[in-house]
Every structure is written in C-alpha cells, then in structure tokens.
Amino acid sequence: MRRLLALFLLTPPALFNVLTPPSIDFRQQSSPTAAKHLIETMGGGVAILDYNNDGMLDLFFVNGGHIAASGFDRENPKYWNRLYRQNKDGTFTDVTAQAGLSHAGNGNYGMGVAVADYDNDGYPDLYVTSFGHNVLYHNNGDGTFTDVTATAGVAAGGWSASAGFVDFDNDGKLDLFVTRYMDWSLRTSKSCAKQTYCPPGEFPAVTNMLFHNRGDGTFEDVSQKSGIAARKGRSLGVAFADYDGDGYPDIFVANDGMEQFLWHNNGNGTFTERALDAGVSLSDDGKPYAGMGVDFRDYDNDGLPDIIVTNLAKQTYALYHNDGKGMFSYRSLEANLGSLTSGSSGWGVGFVDFDNDGWKDLFAAQGHVLDNVEQVDPSMHYLEKPLLAMNHSGHFQRSESGAPMSVAGRGAAFGDLSNRGCMDVVMGVLNGAPLFFHNQCATGNHWLGLHLTGVRSNRDALGATVIVNGQYQNLQTAVGYQSASDKRVHFGLGDQKSADIEICWPSGIQQKLSHVAVDRYIEVREPQR
C-alpha cells in the first residue's frame with residue numbers, strides 16, 4: 001500500500017483536461033462518398049483569435065460541404081463554417097450568422113483559415129481557403145465581417161490548402177501566401193487499388209500563390225515575378241521565419257509525396273527555392289515524404305528557428321535543426337522522434353511550451369489519410385490519439401495527452417484560452433467535433449505573454465523576433481496545417497521571476513525592456529524612432 005501511495009504521489013498531474021465544451025456544437029462535415037474523392041480526407045482547419053478585441057479568445061472552424069456529382073453544396077447550416085465568441089464565463093456562443101459568416105458559398109469546399117489584421121485597422125480579418133475559390137472576410141470592428149474577396153483580388157482558385165499572412169518586403173503591410181495542393185476536380189477524381197483514396201502522385205502538381213498588399217484594400221498577384229510560381233508542388237502546410245537572420249522572412253512549404261520547399265527571401269521582392277541546398281528537402285536517407293503540417297520555431301533554445309514537418313506512418317516526422325549560415329541538419333533520431341512518430345500520421349503540429357519550463361514541447365494532430373488503411377496494412381491505424389511530447393533540453397519524450405479516444409485529427413491551433421498563462425490546444429477532427437486540450441496549469445512555473453503592436457511595422461507585428469531571458473520566438477499566426485494560432489507571444493520561464501526582453505521589430509527597430517514582472521500579459525507598442 002505504501003509503495004502504491006508513493007507511486008501515486010510521484011505521478012505528475014495530467015497536463016490537459018480534454019473535452020469539447022457543451023456550448024460548441026460544431027462537427028466537421030467531409031461528406032465521404034463511395035467514390036473516394038481525395039478531398040474528403042483533407043479538411044479541418046481551426047483558428048484561435050480575438051475577433052472583437054474583448055480580451056477573450058474566440059474560435060473559428062472551417063467546414064467541408066455536401067459532395068454531389070454536380071459540385072459542392074453549402075446551403076444547409078450543418079455545412080457552414082462557424083465562429084464562436086468566448087464569453088466571460090468561459091462558455092461560447094455561436095455568432096456565425098450575426099457576424100455575416102453564414103454564407104460559405106456553393107461551389108466551395110472548405111479547407112483552412114489564416115488570420116491577421118491585413119489593413120492595420122486594429123481588428124483581425126479572416127482568410128478561408130477552399131477548393132473552388134477562397135474568401136477574404138474583412139472585420140468591420142462591430143462584430144461583423146464583409147466578404148471583400150472580389151475587391152481585394154485574392155480568390156485564388158483550384159484547391160487551396162493552408163495560407164498565412166507575412167510582410168515579405170517589410171513595408172508595414174501584410175501580404176498573403178497560399179498553398180495549393182494539386183490539379184484536381186470532381187471530373188478528374190478517381191479511386192485507386194482496393195477502393196481506396198489515390199496517392200497525390202496520381203494528380204498533377206500546381207504552383208503556390210503570393211499576393212502583395214498594395215495598402216488600399218487590394219492585393220497584387222506577384223506569384224510569377226517573385227519566383228514563387230517557378231516551382232510546382234503538392235503543397236499543404238506553410239510557416240514563416242527568418243532562418244538566416246538577414247532581416248527578411250522566409251517561407252517553408254510542406255509538400256506531399258515530393259521534396260519540400262524552402263523559399264529564401266532575397267530582400268528585393270523575389271524568392272529563391274533553397275530546400276535541397278539548405279538540407280531540408282528530403283529525409284535523412286535522401287527520400288521524399290508526405291509532408292503535411294509544419295512549424296518553424298526554435299526547439300532547442302539556440303536562437304535559431306528550426307523546422308518540424310509531419311508526414312505519414314512509416315515516415316518519421318522530419319526535424320531539421322538550424323545549424324546557422326543558412327544550413328540545417330536532420331535531427332529526428334537524435335531528438336527521439338523516430339520512436340515517437342514512425343508509426344503515426346501527423347497533420348497539425350506546433351512547438352509550444354505547455355509546462356512553462358522554458359522548453360518548447362511538441363503537439364501533433366494524428367490520424368491516417370485512408371479510412372480503410374487497416375485493410376491495406378494491419379500495422380497502421382486510421383484513427384489515432386494526438387502526440388504530446390515534452391521537451392527535455394532538445395530531447396522529446398512522450399507524455400499522456402489525455403485524449404479520451406482515437407480520432408482523425410487534422411488542424412490544430414494554440415493559445416491561452418483562459419488567460420492564465422498556460423497554452424491550450426484546439427484540434428480539428430475530420431467528421432467529428434473538435435477536441436479542446438485545456439491546460440491544467442499544474443506546474444507552478446512562471447511565464448510571460450506579450451501582445452505586440454506595430455507602428456512602422458505591420459500592426460500585428462508578424463515577423464518580429466522576441467527574445468526573453470535568452471529564449472527566441474518569431475511571431476507568426478500561421479501554424480501546422482490549415483490553422484491559425486493566437487498572435488500573442490508566450491514564454492515559459494521556469495523558476496525565473498523577472499524577464500529581460502529584446503524585440504527586433506519587422507521595421508528593423510530594436511527595443512529592450514529590463515526587469516519586467518512576470519506571470520502576466522503585457523502590451524508592447526513599437527517605438528516611433
């Protein structure tokens with residue numbers, strides 16, 4: 001009995017309480033059919049944002065649509081995208097209709113979402129990706145949104161997947177990058193061996209798109225003249241960081257079943273694809289893999305942004321360590337990701353410090369693409385629990401996520417929903433209700449959150465580099481797979497009771513704050529100089 005009691009006392013409390021709040025009645029609808037349309041497997045984007053600036057984080061979920069021979073139907077409310085406002089008591093209210101977001105658009109099939117204040121008016125806007133055409137919703141600041149896609153010129157077209165806002169030329173206006181998956185349509189769709197979904201190689205690759213913000217509410221398609229359209233891919237996830245420290249944000253794109261892309265920003269409005277030269281194109285044995293989601297953050301606290309890419313079972317998640325001078329090395333095995341991920345299929349992913357010990361942990365939404373994969377290979381599973389791996393000085397160890405069941409996880413977004421200083425996760429589930437991983441804040445470690453406001457830089461300060469007590473973060477909202485996270489920057493501080501802060505704003509302005517009190521959120525405004 002004493003031994004059992006001792007073991008109980010030594011067992012750490014569960015990190016997450018996993019549930020779906022009763023006030024969230026959303027279920028993602030992929031409308032699977034006997035025809036095995038590949039698009040049925042790929043949706044599930046999630047966004048965490050404060051759309052009404054009341055200090056409480058709200059939620060946006062992207063839905064699929066009814067698949068018919070003639071196209072996609074979104075009229076039935078069960079196929080709408082959904083916006084939920086968080087109330088002061090932690091419950092949520094569905095405000096989709098009153099916010100003007102109920103019309104998802106017939107002919108579209110929803111995929112993902114990007115969030116940012118593209119016009120610097122102080123309110124976050126929504127960009128929803130789809131098969132068909134994408135939609136830019138301008139936040140009017142009164143709780144409503146207006147579809148400005150046609151005026152803005154960012155409908156794109158084809159099969160878009162992830163998107164993200166980035167100020168690639170540091171002019172203070174946020175630009176827009178859109179990944180596109182493949183050249184596919186209901187007319188060209190087909191099923192493959194054993195009545196399963198076809199691999200991506202069965203369909204032609206396509207180019208991604210880059211839109212430059214003119215500052216007047218419109219965007220220019222610069223995909224060709226920037227060089228982005230020089231390479232075709234089967235692109236899913238996207239993430240941004242200045243990997244070589246030259247002051248300009250670079251772009252990593254996760255490609256499915258082929259080499260990955262690393263678009264180096266040349267600082268003159270053009271990009272050069274350098275994945276192979278930088279060592280981030282292939283696996284450690286020189287093979288392409290099914291890149292799904294990506295995060296671009298410093299996992300080992302050496303001050304350089306690293307890259308994690310999720311992929312399919314029997315393909316270890318790719319971890320690329322930034323070695324400096326524009327070069328990376330493959331570190332999946334050294335970081336213990338081989339044993340953690342070789343049997344799993346991953347989608348949304350993030351490096352996030354969940355226990356506030358000063359080291360970014362790893363979360364990945366998981367579940368295979370094939371709903372009958374057990375019939376193809378009994379060693380693999382369609383439904384999986386998400387991966388939670390705690391970071392111990394750059395080495396990851398599995399921890400119990402608390403998920404009550406295995407699901408087909410897809411998108412994942414990260415943010416402190418209760419403003420207590422502990423990071424939560426909202427995970428999209430294919431054909432199911434989202435799962436909320438509510439952080440129990442059990443460690444007692446210190447933390448600090450920063451809400452940055454750009455002046456010369458873009459108002460959201462996307463692209464800013466923040467260093468707190470030696471830890472490095474690059475501010476971005478695009479994360480993982482088709483999802484967007486809270487724009488506040490979070491740092492776990494362990495037993496450190498004060499913070500020294502360095503901020504390099506996208507404009508190039510440097511700012512320092514010393515001996516800052518912790519365990520709180522602070523607002524920092526970019527200096528005018």
Side-chain angles (χ1 to χ4, degrees), residues 49-51 53 114-127 136-141 148 151-154 163-178 209-223 225-228 238-251 263-271 296 305 450-467 473-478 484-489 501-513 522-529:
L49 72 160
D50 182 5
Y51 83 95
N53 289 346
V115 176
D117 178 10
Y118 77 89
D119 59 348
N120 292 328
D121 68 353
Y123 289 90
D125 308 296
L126 292 166
Y127 185 75
L136 177 62
Y137 293 104
H138 176 260
N139 190 330
N140 301 318
V148 296
T151 301
V154 290
F165 288 93
V166 57
D167 184 3
F168 75 83
D169 55 355
N170 290 340
D171 66 352
K173 300 182 289 292
L174 286 173
D175 312 302
L176 177 64
F177 189 94
V178 182
M209 303 193 75
L210 179 63
F211 297 94
H212 181 255
N213 190 336
R214 295 189 178 104
D216 60 358
T218 69
F219 291 76
E220 176 190 3
D221 182 352
V222 295
S223 309
K225 71 180 183 181
S226 68
I228 293 296
V238 65
F240 311 99
D242 178 10
Y243 76 92
D244 58 351
D246 64 358
Y248 289 91
D250 309 297
I251 305 171
W263 291 104
H264 176 261
N265 191 330
N266 300 320
N268 61 0
T270 68
F271 291 80
F296 205 158
L450 288 84
H451 184 166
L452 303 186
T453 300
V455 178
R456 285 181 53 189
S457 305
N458 67 86
R459 188 182 179 96
D460 280 345
L462 299 188
T465 297
V466 185
I467 301 173
Q473 289 265 33
N474 56 290
L475 200 166
Q476 57 176 309
T477 55
S485 288
D486 181 9
K487 70 177 181 179
R488 297 177 297 182
V489 188
I501 303 169
E502 300 176 47
I503 302 172
C504 180
W505 296 85
S507 64
I509 290 175
Q510 305 281 335
Q511 184 177 12
K512 292 186 178 181
L513 303 170
I522 64 171
E523 296 189 9
V524 183
R525 187 175 179 86
E526 182 179 17
Q528 293 283 353
R529 66 179 188 280

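None of the values given here were measured: they were computed from a predicted structure.
- Side-chain contact check for His264 versus Asp246: some heavy-atom pair is nearer than 4.5 Å.
- In this structure a side-chain-to-backbone donor-acceptor pair under 3.5 Å is present from Thr477 to Val115.
- Taking every heavy atom of both residues into account, Gly172 and Asn120 meet most closely at O-ND2, 3.0 Å.
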Next item on the list: Could you go through the side-chain contact (heavy atoms from CB on, under 4.5 Å) check for Asn139 and Leu126 one step at a time?
Entry: CA-CA 8 Å; Asn139 190 330; Leu126 292 166; over 6 Å; no

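- The main-chain N or O of Asn268 is never found under 3.5 Å from a side-chain atom of Asn266 such that the two would form a donor-acceptor pair.
- Under the 3.5 Å distance criterion, the side-chain polar atoms of Thr453 are left unmatched by any main-chain donor or acceptor of Arg459.
- Proximity of a side-chain donor or acceptor of Asn53 to a complementary backbone N or O of Tyr123 within less than 3.5 Å is not detected.
- Considering CD of Glu502 and NZ of Lys512, their distance stands at 5.0 Å, rounded to 0.5 Å.
- Taking each heavy atom of Val489 and Gln473 in turn, the nearest pair found is CG1-CB, 3.7 Å.
- Atoms NZ and CG, on Lys173 and Asn458 in that order, are 10.5 Å from each other to the nearest 0.5 Å.
- When all heavy atoms are compared, the tightest approach of Leu450 to Val466 is CD2-CG1, 4.2 Å.
- Contact between Ser507 and Arg456 at its shortest, heavy atoms only, is CB-CB, 4.0 Å.
- Closest approach of Gly247 and Asp242 over heavy atoms only: N-OD2, 2.8 Å.
- Residue Ile251 forms a side chain to side chain contact (heavy atoms under 4.5 Å, CB included) with just one option from Phe296, Tyr243, Phe177, and that option is Phe177.
- Residues Leu210 and Leu176 form no side-chain contact, since every pair of their non-hydrogen atoms from C-beta on lies 4.5 Å or further apart.
- Under the 3.5 Å distance criterion, the side-chain polar atoms of Asp167 are left unmatched by any main-chain donor or acceptor of Pro506.
- Between Tyr127 and Tyr118, the ring centre distance reaches or exceeds 6.0 Å.
- The distance from atom OG1 of Thr218 to atom CZ of Phe211, rounded to the nearest 0.5 Å, is 12.0 Å.
- For the side-chain contact (heavy atoms from CB on, under 4.5 Å) test, residues two or more places apart in sequence or in another chain that qualify with Ala461 are Leu452, Ala464, Leu475, Trp505.
- Close placement of the Phe168 and Phe271 rings is indicated, their centers lying within 6.0 Å of each other.
- Considering all non-hydrogen atoms of both residues, Gln476 and Leu462 come closest at CA-CD2, 4.2 Å.
- Between Asp216 and Arg214 there is no salt bridge, since no side-chain N of the basic residue sits under 4.0 Å from a carboxylate O of the acidic one.
- For the pair Glu526 (side chain) and Val455 (backbone), a donor-acceptor distance under 3.5 Å is present.
- Rounding to the nearest 0.5 angstrom, the gap separating the CG atom in Asp125 from the CG atom in Asp117 is 5.5 Å.
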Note to self: Walk me through whether Asp171 and His212 qualify under side-chain contact (heavy atoms from CB on, under 4.5 Å).
What the structure shows: CA-CA 10 Å; Asp171 66 352; His212 181 255; 3.5 Å; yes

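- Not a single donor-acceptor pair under 3.5 Å links the side chain of Asp169 to the backbone N or O of Asp175.
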